[in-house]
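Model, not experiment: these values are computed from the prediction. Within every chain, numbering begins at 1; the chains are lettered A, B, ... in the order of the sequence lines, protein sequences first and strands thereafter.
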There are 2 protein chains.
Amino acid sequence: MPVLRPAVPCCPPLTQRPLTVLEAELTAAMFKALGDPVRLRLFSLVASHDGGEACVCDISDVGVSQPTVSHHLKKLREAGLLTSERRGTWVYYRVVPAVLAAMAGVLTA
Amino acid sequence: MPVLRPAVPCCPPLTQRPLTVLEAELTAAMFKALGDPVRLRLFSLVASHDGGEACVCDISDVGVSQPTVSHHLKKLREAGLLTSERRGTWVYYRVVPAVLAAMAGVLTA
DNA sequence: GCGCTGTTTCGACATGCATCGATACAGTGA
DNA sequence: TCACTGTATCGATGCATGTCGAAACAGCGC
């Protein structure tokens with residue numbers, strides 16, 4: 001488990017100057033995490049859910065098996081986009097707040 | 001060559017409502033294109049280059065072979081992020097203007 | 001036409017990854 | 001403790017993809 005630590009405010013806008021190798025590595029890892037349709041839907045389900053968090057049971061209906069959902073949620077966690085917390089029987093996922101803004105910033109001129 | 005046509009203004013912010021299957025497909029394709037470190041550096045090199053365009057010869061020094069550079073530029077073209085134009089001996093790449101804003105919009109609450 | 005340089009395509013290879021069923025783990029309630 | 005539900009991990013499989021060298025293509029200058 002390599003788990004690149006994204007260090008949320010990472011990189012300047014792509015239009016400002018060429019990214020360094022390390023910057024590209026960190027930023028690409030985040031984009032890659034959103035580069036799968038199933039993961040993107042899972043992320044969107046969490047991000048748009050009431051209260052800013054969602055139980056796995058709320059978002060498991062994306063057309064793939066339960067182990068696959070779990071696998072994708074793990075990937076999103078490892079990329080630093082989501083956090084998870086177990087409360088009793090259920091596990092809740094949340095969007096890491098600064099990450100969306102950081103990624104948007106990289107794409108903004 | 002599937003070449004999903006991105007139809008630039010694609011999708012609402014991820015936080016607004018869950019993406020549909022089709023929206024996720026289109027948007028994930030763009031994120032996926034930026035999800036490789038080499039491609040992200042190439043894209044950044046084009047996006048930050050003087051005049052908004054760059055010759056392949058200007059950006060080929062990213063640590064991989066020249067055919068690999070060409071392969072990645074093709075992927076970025078197919079994803080709708082770059083356009084290319086041959087002018088005499090050299091081929092110039094440009095960022096498709098609206099795409100950056102569209103992707104940033106998806107990530108903005 | 002011929003050679004030369006810049007760029008793309010081709011074919012092959014190794015690695016990565018999305019997916020699944022089976023299984024293990026965690027917590028609840030009886 | 002035992003059964004039950006929700007979630008994560010394991011192991012296997014098939015496909016996607018990043019990479020390269022070799023070869024093809026495109027323009028230019030002679």
Check your understanding: Is the side chain of B:Ser84 donor-acceptor paired with the backbone N or O of B:Tyr93 at a distance under 3.5 Å, no angle test?
Key ->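 No, B:Ser84 side chain to B:Tyr93 backbone: no donor-acceptor pair under 3.5 Å.
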
Which nucleotide sits closest to the side chain of [X]: [options]?
X       : options                : value
B:Pro67 : D:dA8, C:dT7, C:dT8    : C:dT8
A:Lys75 : C:dT7, C:dA18, C:dT9   : C:dA18
B:Lys32 : C:dG6, C:dT8, D:dT17   : D:dT17
A:Arg39 : D:dG18, D:dT19, C:dA18 : C:dA18
A:Arg86 : D:dT19, D:dT7, C:dA22  : D:dT7

Point to revise | A:Met103 side chain reached by A:Leu34 side chain, heavy atoms, under 4.5 Å | key: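 Yes. Closest side-chain heavy atoms under 4.5 Å.
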
Check your understanding: Which pairs, with at least one residue in residues 38-54 of chain B and sequence neighbours excluded, count as a salt bridge (Lys or Arg N to Asp or Glu O under 4.0 Å)?
Key ->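 Sorted result for residues 38-54 of chain B: B:Glu53-B:Arg87, B:Glu53-B:Arg94.
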
Exercise for review: To the nearest Å, give me how far apart CD (B:Glu85) and C1' (C:dT7) are.
Suggested key: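 Those two atoms, CD and C1', are 15 Å apart.
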
Point to revise | Nearest-angstrom distance from the residue atom CD of B:Gln66 to P of D:dA23 | key: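 So the two atoms are 16 Å apart, to the nearest Å.
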
Check your understanding: Reckon A:Tyr93 touches a base, only the sugar-phosphate, or nothing at all at heavy-atom distances under 4.0 Å?
Key ->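 Since only primed, P, OP1 and OP2 atoms lie under 4.0 Å of A:Tyr93, the category is sugar-phosphate.
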
Check your understanding: Toward the 5' end of DNA chain C, which comes first, A:Thr89 or A:His72, by nearest nucleotide?
Key ->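 Here A:His72 is the residue nearer the 5' end.
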
